[in-house]
Student: 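This is the structure I want to talk about, given as structure tokens.
Letters A, B, ... mirror the listed sequences (proteins, then strands); counts begin at 1.
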2 protein chains.
Amino acid sequence: MSIQKIARLAGVSVATVSRVINHSGSVKPHNRERVLAAIEESNYQPNLLARQLRTARSYMILVLVSNIANPFCAEVVKGIEEEAEKNGYRILLCNTGSDMARSRSALTLLSGKIVDGIITMDAFSKLPELTTMIGQAPWVQCAEYADEGSVSCVGINDIDASQYVIQHLINRGRQRIALINHDLSYKYARLRERGYNSVLEQNGHGWRAVEYASELSFDAGRTAMETLLRADERPDAVFAVSDTLAAGALLAIAQAGLTMPDDIAVVGFDGTPLAEMVSPQLSTVAQPSLQIGRKAVSLLLNKIDNPDTPAERVMMDWRFIERASA
Amino acid sequence: MSIQKIARLAGVSVATVSRVINHSGSVKPHNRERVLAAIEESNYQPNLLARQLRTARSYMILVLVSNIANPFCAEVVKGIEEEAEKNGYRILLCNTGSDMARSRSALTLLSGKIVDGIITMDAFSKLPELTTMIGQAPWVQCAEYADEGSVSCVGINDIDASQYVIQHLINRGRQRIALINHDLSYKYARLRERGYNSVLEQNGHGWRAVEYASELSFDAGRTAMETLLRADERPDAVFAVSDTLAAGALLAIAQAGLTMPDDIAVVGFDGTPLAEMVSPQLSTVAQPSLQIGRKAVSLLLNKIDNPDTPAERVMMDWRFIERASA
DNA sequence: CTGAAAGCGCTTACAG
DNA sequence: CTGAAAGCGCTTACAG
């Protein structure tokens with residue numbers, strides 16, 4: 001069923017049918033009626049591929065995330081989708097699992113003109129090749145600071161947030177504060193570690209212990225915590241850079257027969273619903289996840305409409321939520 | 001940068017360039033070299049829209065979920081993506097939030113030929129209009145039994161699983177077993193409630209209490225449990241149809257000063273990582289989420305390749321995991 | 001093994 | 001207000 005057939009049915013040209021469908025130009029009421037009737041009668045649906053090919057505009061954006069099962073990530077994606085929907089855009093979600101091949105494969109959608117732009121929530125420092133693939137296409141990095149190039153980004157001030165957490169723990173009298181961090185190829189992981197180190201240094205604390213989780217999962221958090229507990233000097237506080245990791249830490253601590261926060265205080269990150277589900281409930285740094293997602297879309301759409309816009313780096317507000325764990 | 005330019009650069013016809021790109025037909029080595037060189041030199045990327053329009057095949061599938069933040073849902077989506085990737089397909093994810101307008105808008109991608117087929121994880125009984133929109137297009141319902149029409153489905157036997165849970169609780173001496181269910185427009189919600197009722201009846205238990213959560217969230221679970229606790233006769237066991245709901249119930253019970261499983265036993269559903277994160281850890285019905293997702297894709301691709309295949313209804317195995325909560 | 005040509009289903013100047 | 005025609009960038013019989 002094509003626009004041709006509708007034109008024939010309605011007794012007009014394809015141009016007129018197109019004008020009716022797109023509300024462009026003006027069409028004599030009588031003809032509009034006939035076209036509408038023909039569309040109705042034949043249950044016609046325009047072929048979007050043809051339209052997109054012709055207009056070189058797809059109204060779709062690609063979203064690359066490393067792990068959709070991470071609740072923070074899921075919230076950001078919801079924000080992205082909301083704002084995209086509001087502007088007539090669709091999202092194409094790709095869960096890369098930080099896998100190079102999957103990411104590369106997804107990026108062919110960009111170069112193949114299937115999408116108008118891309119939002120990423122993944123680490124790119126290790127992957128210069130991907131950066132090259134994206135080239136000059138509209139691109140926003142989400143919840144991951146981009147300090148170079150023409151890519152925009154939106155997130156929070158990770159150093160400040162991290163410093164706040166460590167200072168909070170020091171004020172509570174904690175002496176041996178450990179860090180459960182993510183892979184350092186993530187910029188935010190480097191920034192939070194920098195905040196951790198700077199405050200400890202500033203306060204004359206020499207004790208350090210950092211474990212790196214291979215992914216933002218419950219199991220990785222538990223494993224990291226178990227390692228920390230096996231050390232000669234046990235930490236009396238742990239700062240995990242994700243609520244999911246912190247949840248894993250809670251279990252390891254409980255299984256070691258220790259109590260929280262007395263033996264060990266625990267602080268998470270992200271402020272996801274998960275932080276309220278575990279016990280003790282997690283103190284955490286709440287990120288405005290929905291807003292981050294929405295802002296990422298508005299930056300991207302602005303770039304799509306105005307390709308000459310310079311890159312923007314937006315910092316959103318965060319806040320510390322104090323609960324029973326620390 | 002189009003195939004035309006490459007042809008000119010390489011001094012061959014566009015047909016030859018196309019043959020090289022698609023490894024179809026045979027091309028004299030010398031010409032192949034030249035084409036490859038031209039592609040390399042100009043960093044050419046084929047326009048996928050044009051290809052898809054021409055071949056009437058997009059190698060994309062639409063996935064409609066009601067709430068991607070639900071961990072079970074996220075797992076299924078991972079399975080879908082894995083299998084799709086393996087077969088050269090991409091997924092277009094749409095988080096409908098059970099919103100009619102969003103669902104309808106997403107379905108234009110189907111009628112607009114942007115995708116080759118659709119996998120849904122949402123309730124459709126309330127939405128005959130959407131069913132009409134999908135029409136005869138390849139469609140698989142995931143984790144939701146479809147008992148009519150030409151739509152295939154893959155899930156577990158919800159009645160059996162539910163019956164098993166209730167029988168387990170009865171065997172443990174529970175007298176007043178409550179159910180925290182989801183919206184009955186979901187087929188699985190109706191089936192699990194049927195299992196609940198049948199076993200209680202069979203065992204001569206007259207006591208019933210059912211609460212309906214408006215969505216599969218922690219808060220909805222907590223609210224439902226609070227309502228159950230306010231009743232004159234408190235339940236001594238609760239079966240929630242999702243781990244997320246059960247997690248909310250755990251908090252409500254703990255906040256009421258009751259202990260688990262002594263005062264109240266709790267059983268969840270899905271077998272997500274969340275069930276291990278909460279305390280007490282949840283007894284739950286584990287669904288093979290990744291496999292469900294994978295199977296959904298293979299059913300769908302089969303339907304795409306062989307449109308005359310009759311609808312299939314696949315039941316996967318589930319298993320009960322016993323933990324501290326019940 | 002290769003190329004000229006038709007055609008996928010649209011949109012959009014352009015001329016009237 | 002309307003239509004004939006060009007063209008978006010591909011693929012694929014068809015003829016040679």
Student: Going by distance alone, is a donor N or O of one side chain under 3.5 Å from an acceptor N or O of the other, for Ser185(A) and Asp183(A)?
Tutor: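 Per modelled atom types, Ser185(A) and Asp183(A) side chains form a pair under 3.5 Å.
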Student: How many Å lie between CE on Met1(B) and P on dC8(D), as a whole number?
Tutor: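 So the CE-P distance, Met1(B) to dC8(D), works out to 14 Å.
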Student: Let's see if you get this right: which residues in residues 22-35 of chain A place a heavy atom under 4.0 Å from DNA chain D?
Tutor: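 When residues 22-35 of chain A is checked for heavy atoms under 4.0 Å from DNA chain D, the hits, listed by number, are Ser26(A), Val27(A), Lys28(A), Asn31(A).
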Student: Would the number of heavy atoms belonging to other residues, nucleotides or ligands and lying under 6.0 Å from NZ of Lys187(A) be above 12?
Tutor: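 Atom NZ in Lys187(A) is crowded, with more than 12 foreign heavy atoms closer than 6.0 Å.
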Student: Which string of ( ) [ ] | and . matches DNA chain D, if you list each base 5' to 3' and count Watson-Crick or G-U pairs only when both distances are under 3.5 Å?
Tutor: |||.||||||||.|||
Student: Between dT11(C), dC10(D), dG3(C), which nucleotide gets closest to the side-chain atoms of Asn47(B)?
Tutor: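 In terms of side-chain proximity for Asn47(B), the closest of dT11(C), dC10(D), dG3(C) is dC10(D).
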Student: Check every strand shown and say whether Arg54(A) touches a base, only sugar-phosphate, or nothing at a heavy-atom separation below 4.0 Å.
Tutor: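 Base contact.
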Student: Whole-Å distance between dC8(D) P and Leu48(B) CG?
Tutor: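 Distance, rounded to whole Å: 18 Å.
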Student: In whole Å, what is the span from the CD1 atom of Ile3(B) to the P atom of dT2(C)?
Tutor: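 Rounded to the whole Å, the gap is 15 Å.
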Student: Can you say whether the rings of Tyr186(B) and His182(B) are parallel (under 30°), tilted (30 to 60°) or perpendicular (over 60°)?
Tutor: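 Aromatic pair Tyr186(B)/His182(B) classed parallel.
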Student: So which one's nearest nucleotide on DNA chain D is more toward 5', Ala15(B) or Thr55(A)?
Tutor: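 By nearest-heavy-atom nucleotide position, the 5'-most residue is Thr55(A).
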Student: Could you tell me the separation between the NZ atom of Lys295(B) and the CD atom of Gln291(B), rounded to the nearest 0.5 Å?
Tutor: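 That separation rounds to 11.5 Å.
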Student: Among dG3(C), dC10(C), dT11(D), find the nucleotide with the atom closest to the side chain of Ser13(B).
Tutor: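 Comparing dG3(C), dC10(C), dT11(D) against the side chain of Ser13(B), the answer is dG3(C).
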Student: Report the nucleotide, chosen from dT11(C), dT11(D), dC8(C), that has the shortest atom-to-atom distance to any side-chain atom of Leu53(B).
Tutor: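 Side chain of Leu53(B) sits closest to dC8(C).
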Student: For side-chain hydrogen bond (donor to acceptor under 3.5 Å, both in side chains), just list the numbers for Gln4(B) and Ser2(B), CA-CA rounded to whole Å, side-chain angles, deciding distance to a tenth of an Å, and then say yes or no.
Tutor: CA-CA 5 Å; Gln4(B) 280 280 6; Ser2(B) 73; 6.0 Å; no
Student: Take the protein atom CD1 of Ile114(A) and the nucleotide atom P of dC8(D), then report the distance between them rounded to whole Å.
Tutor: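 Taking atom P of dC8(D) as the reference, CD1 of Ile114(A) is at 18 Å.
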Student: Given atom CD of Gln45(A) and atom P of dC10(C), what is their separation to the nearest angstrom?
Tutor: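 Rounded to whole Å, this separation is 11 Å.
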Student: Looking only at the side chains, is there a donor atom on one of Asn31(B) and Thr16(B) sitting less than 3.5 Å from an acceptor on the other?
Tutor: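 There is no such pair between these side chains.
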Student: State whether the number of non-hydrogen atoms from other residues, nucleotides or ligands found under 6.0 Å of Lys78(B) atom NZ is greater than 12.
Tutor: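 Counting other residues, nucleotides and ligands, NZ of Lys78(B) exceeds 12 neighbours.
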Student: Over how many whole Å does the gap from Gln4(B) atom CD to dG7(D) atom C1' extend?
Tutor: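 So the CD-C1' distance, Gln4(B) to dG7(D), works out to 11 Å.
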Student: Identify whether any heavy atom of Ser18(B) sits under 4.0 Å from a base atom; if not, whether one sits that close to sugar-phosphate; answer base, sugar-phosphate or nothing.
Tutor: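 Answer is base: heavy atoms of Ser18(B) come under 4.0 Å of a base.
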Student: With the threshold set at 4.0 Å, does a side-chain nitrogen-carboxylate oxygen contact exist between Arg57(B) and Asp305(B)?
Tutor: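 A salt bridge is present here (some side-chain N lies under 4.0 Å from a carboxylate O).
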Student: Could you give the CZ-to-P distance, from Arg51(B) to dG9(C), as a whole number of Å?
Tutor: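 After rounding, the reported distance stands at 18 Å.
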Student: Any carboxylate oxygen within less than 4.0 angstrom of a Lys/Arg side-chain nitrogen, looking at Lys86(B) and Glu83(B)?
Tutor: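 Here Lys86(B) pairs with Glu83(B) in a salt bridge, since their nearest N and O are under 4.0 Å apart.
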Student: Start at the 5' end of DNA chain C and walk down; is the nucleotide closest to Arg19(A) or to Ser2(A) reached first?
Tutor: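 Its nucleotide being nearer the 5' end, the pick is Ser2(A).
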Student: Within this structure, what is the CD1-to-C1' distance between Ile6(A) and dC10(C), rounded to whole angstrom?
Tutor: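 These atoms are roughly 13 Å apart.
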Student: Does Asp116(A) use its side chain to pair, donor to acceptor, with the backbone of Tyr59(A) at less than 3.5 Å?
Tutor: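 It does hold such a pair.
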